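Each residue takes its place number in the sequence, starting with 1. Being a predicted model, the structure only gives us computed values, none of them experimental.
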Amino acid sequence: MKIYYFILTGLLISVIALIFSPIVWMEIGPGGYAYYGPTVPDVYIYGGFIFGKDLAFGPIDFAWKFQLTCILLYLFLVILSMIRLKKGKRIGVFAWIKVGLLFLFLPWISLYIGGVECNSDCAELTTRWAYGIVIYGILCGLNVLLIGLILLRPKY
């Protein structure tokens, strides 16, 4: 049972770190500085926010809030799993829901990036992955390990 707590603690720490970590850095190109001026900021998509974009634009405002809501749902499922495990109850359903959220993250972030690029006329954005994607990979690995343990030991 300790291994389950160890994995869930890793998931808890990782998902909290993801909220405050940049996932994507979008650098403004020379055309962006020429069009918007020298003070235009680069765009950073964090797990829980976006920096460098006007939040008055509805789709951008919706996107960061939706992403944060999904990450907080994942966090809630991890905490709920820890509570249920402490009571000796099954946690498999929550692990599979978390897998679903992780599976949908990459298509989501791809759409998010595309939306930001489309909303950045003439900015010549260069998209680069930041270390938040490594944290996402850690979440995937820990979740796969958890699912494997649950399948091998169906008690939980």
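Between the side chain of Tyr36 and the backbone N or O of Asp121, at least one donor-acceptor pair lies under 3.5 Å. Counting only distance, with no hydrogens or angles, the side chain of Glu124 and the backbone of Gly31 share a donor-acceptor pair below 3.5 Å. Between the side chain of Tyr44 and the main chain of Phe49, no donor-acceptor pair closer than 3.5 Å is present. Judged by distance alone, with hydrogens and angles left aside, the side-chain atoms of Glu27 form no donor-acceptor pair with the main-chain N or O of Asp42 at under 3.5 Å. Panel note: side chain Tyr74, backbone Ile97; no donor-acceptor pair is recorded below 3.5 Å. Listed for the Ser110 side chain is no donor-acceptor partner under 3.5 Å among the backbone atoms of Leu106.
The shortest heavy-atom contact between Val99 and Asn143 is CG2-ND2, 3.0 Å. The nearest pair of heavy atoms linking Tyr46 to Ile19 is CB-O, 4.2 Å. Taking all atoms of both residues into account, the shortest heavy-atom contact from Arg84 to Phe94 is CD-CE1, 2.9 Å.
Ile13 and Leu75 fall into different hydrophobic clusters, where Ile, Leu, Val, Met, Phe, Trp and Tyr side chains are chained together by heavy-atom contacts under 4.5 Å.
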* Asked: Please walk me through it: do Leu55 and Phe62 pass side-chain contact (heavy atoms from CB on, under 4.5 Å)?
  -> CA-CA 9 Å; Leu55 298 180; Phe62 169 79; over 6 Å; no
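Taking NZ of Lys98 as the start and CG of Leu11 as the end, the distance is 5.5 Å to the nearest 0.5 Å. In this structure, CH2 on Trp129 lies 4.0 Å from CD1 on Ile113, to the nearest 0.5 angstrom.
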